[in-house]
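Numbers for residues simply follow the sequence, beginning at 1.
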Amino acid sequence: AWHLLGAINGMLGLNEEAETCSRKVIKLKPDTVAAYNNLGSALLAQKKFDDAESVLETALKLNPSDPQALNNSGNLLLQRKQFKKSADYFRKATMVKPDYAEAHNNLGSALLGMDCADEAIASLERALQLAPGYPDALYNYGQAEYLLGKYDDALGAYGRTLELQPGHTAALLGAAEVLKLKGMHD
């Protein structure tokens with residue numbers, strides 16, 4: 001029950017509550033990889049990076065090929081702007097679980113951080129094949145197209161992102177930048 005409650009709290013953005021529930025699960029069953037993943041995610045959301053790193057290391061010691069632990073570890077490194085290392089974790093996650101749309105998206109994001117927009121496109125296209133209505137993947141795809149100078153394609157991706165998630169601030173800013181570049185702004 002604590003595990004489920006922790007996962008639900010995490011999905012709702014109640015990260016302190018998710019942290020508390022996940023710690024209770026770990027105390028009761030210290031070999032539960034999913035609890036470490038949930039705790040790591042909650043800590044990442046609270047920007048408690050050192051604590052998240054320790055928790056995710058434990059998850060990977062328990063199961064070195066757990067795709068969520070690999071993805072979460074990549075997210076930690078991505079937030080620390082360690083793009084190459086994060087990309088390595090995301091690649092491992094996608095090798096273990098090829099249909100993991102979030103990991104493909106995150107790999108695309110890491111590749112964008114490394115100024116590898118061409119490579120990012122392939123990862124982001126895979127994420128969108130797996131989850132066509134994935135706003136973050138659409139936004140990142142728009143970013144990649146923008147960096148490649150394909151402004152119409154970027155604008156289309158930002159527009160689709162905004163259709164799915166109207167308040168997506170980064171997509172709004174991306175679209176505004178494209179329109180500015182194209183000379184269509186007010």
Side-chain angles (χ1 to χ4, degrees), residues 1-97 99-114 116 120 123-124 126-127 130-131 134-141 143-144 161 164-165 167-171 173:
W2 286 114
H3 176 71
L4 181 58
L5 187 57
I8 291 169
N9 281 324
M11 286 186 270
L12 294 173
L14 303 171
N15 295 303
E16 290 176 12
E17 291 85 349
E19 177 184 351
T20 300
C21 293
S22 297
R23 288 189 187 282
K24 287 182 181 183
V25 173
I26 290 167
K27 187 173 182 179
L28 294 169
K29 294 181 82 178
D31 61 344
T32 307
V33 176
Y36 287 97
N37 280 324
N38 289 344
L39 178 56
S41 292
L43 294 169
L44 281 172
Q46 296 174 73
K47 307 227 182 287
K48 296 179 180 178
F49 298 133
D50 291 338
D51 291 342
E53 182 176 22
S54 174
V55 166
L56 294 170
E57 283 175 0
T58 302
L60 287 171
K61 283 179 188 168
L62 291 170
N63 184 354
S65 62
D66 182 82
Q68 187 178 1
L70 291 164
N71 187 62
N72 287 343
S73 296
N75 276 330
L76 170 67
L77 294 165
L78 188 61
Q79 290 192 33
R80 288 181 167 170
K81 306 242 185 276
Q82 296 178 16
F83 301 118
K84 186 174 180 344
K85 286 183 183 179
S86 69
D88 291 340
Y89 277 96
F90 297 135
R91 279 189 184 97
K92 288 177 189 173
T94 61
M95 288 176 15
V96 172
K97 186 176 178 185
D99 63 345
Y100 197 174
E102 183 181 350
H104 285 284
N105 173 61
N106 292 339
L107 175 55
S109 185
L111 292 167
L112 287 172
M114 296 164 51
C116 299
S123 293
L124 296 166
R126 180 67 178 136
L130 295 166
Y134 188 178
D136 289 338
L138 280 165
Y139 167 74
N140 285 333
Y141 187 82
Q143 287 294 96
T161 303
L164 293 166
Q165 193 174 343
H168 197 291
T169 306
L173 293 171

Is any side-chain heavy atom of Leu107 less than 4.5 Å from a side-chain heavy atom of Leu124? no

Worked verdict on Thr58 versus Val33 for side chain to side chain contact (heavy atoms under 4.5 Å, CB included): CA-CA 8 Å; Thr58 302; Val33 176; over 6 Å; no

Under 3.5 Å, side chain of Gln46 to main-chain N/O of Ala42, donor-acceptor pair present? yes

Determine whether Leu60 and Leu70 satisfy the following criterion, side chain to side chain contact (heavy atoms under 4.5 Å, CB included), listing intermediate values before the conclusion. CA-CA 7 Å; Leu60 287 171; Leu70 291 164; 3.8 Å; yes

What are the two closest non-hydrogen atoms of Tyr139 and Thr161, and how far apart are they? N-OG1, 3.2 Å

Taking all non-hydrogen atoms of both residues into account, name the closest pair between Asn140 and Leu112 and its distance. O-CD1, 3.6 Å

CZ on Arg80 to CG on Asp50, rounded to 0.5 Å: 5.0 Å

Could you please spell out the steps behind the side chain to side chain contact (heavy atoms under 4.5 Å, CB included) verdict for Gln79 and Lys47? CA-CA 9 Å; Gln79 290 192 33; Lys47 307 227 182 287; 4.0 Å; yes

Flag the pair Leu78 / Phe90 as yes when at least one side-chain heavy-atom distance between them is below 4.5 Å, and no otherwise. yes

Taking atom OG1 of Thr32 and atom CG of Leu39, what is their separation to the nearest 0.5 Å? 12.0 Å

Check: Tyr36 side chain, Pro30 main-chain N or O, donor-acceptor pair, under 3.5 Å: yes

Closest heavy-atom pair and its distance - Ala110, Ser86: CB-OG, 3.4 Å

Test side chain to side chain contact (heavy atoms under 4.5 Å, CB included) applied to Leu76 and Tyr89, step by step: CA-CA 10 Å; Leu76 170 67; Tyr89 277 96; over 6 Å; no

Rounded distance (nearest 0.5 Å) linking atom CG of Leu173 with atom NE2 of His168: 10.5 Å

Shortest non-hydrogen pair, Ala127 vs Ala101, comes out as CB-O, 3.5 Å

Flag if over 12 foreign heavy atoms under 6.0 Å of NZ, Lys97: yes

Side chains of Asn38 and Gln68: does their closest heavy-atom pair fall under 4.5 Å? yes

Do Ser73 and Asn75 have a side chain donor and acceptor closer than 3.5 Å? no

Minimum side-chain heavy-atom gap Phe83-Leu111 below 4.5 Å: no

Minimum heavy-atom distance Asn37-Ala69, with the two atoms named: OD1-CA, 3.0 Å

In short, Arg126 meets Asp99 closest at the heavy-atom pair NH2-CA, 4.5 Å

4.5 Å side-chain heavy-atom contact, Tyr141 and Ser123: no

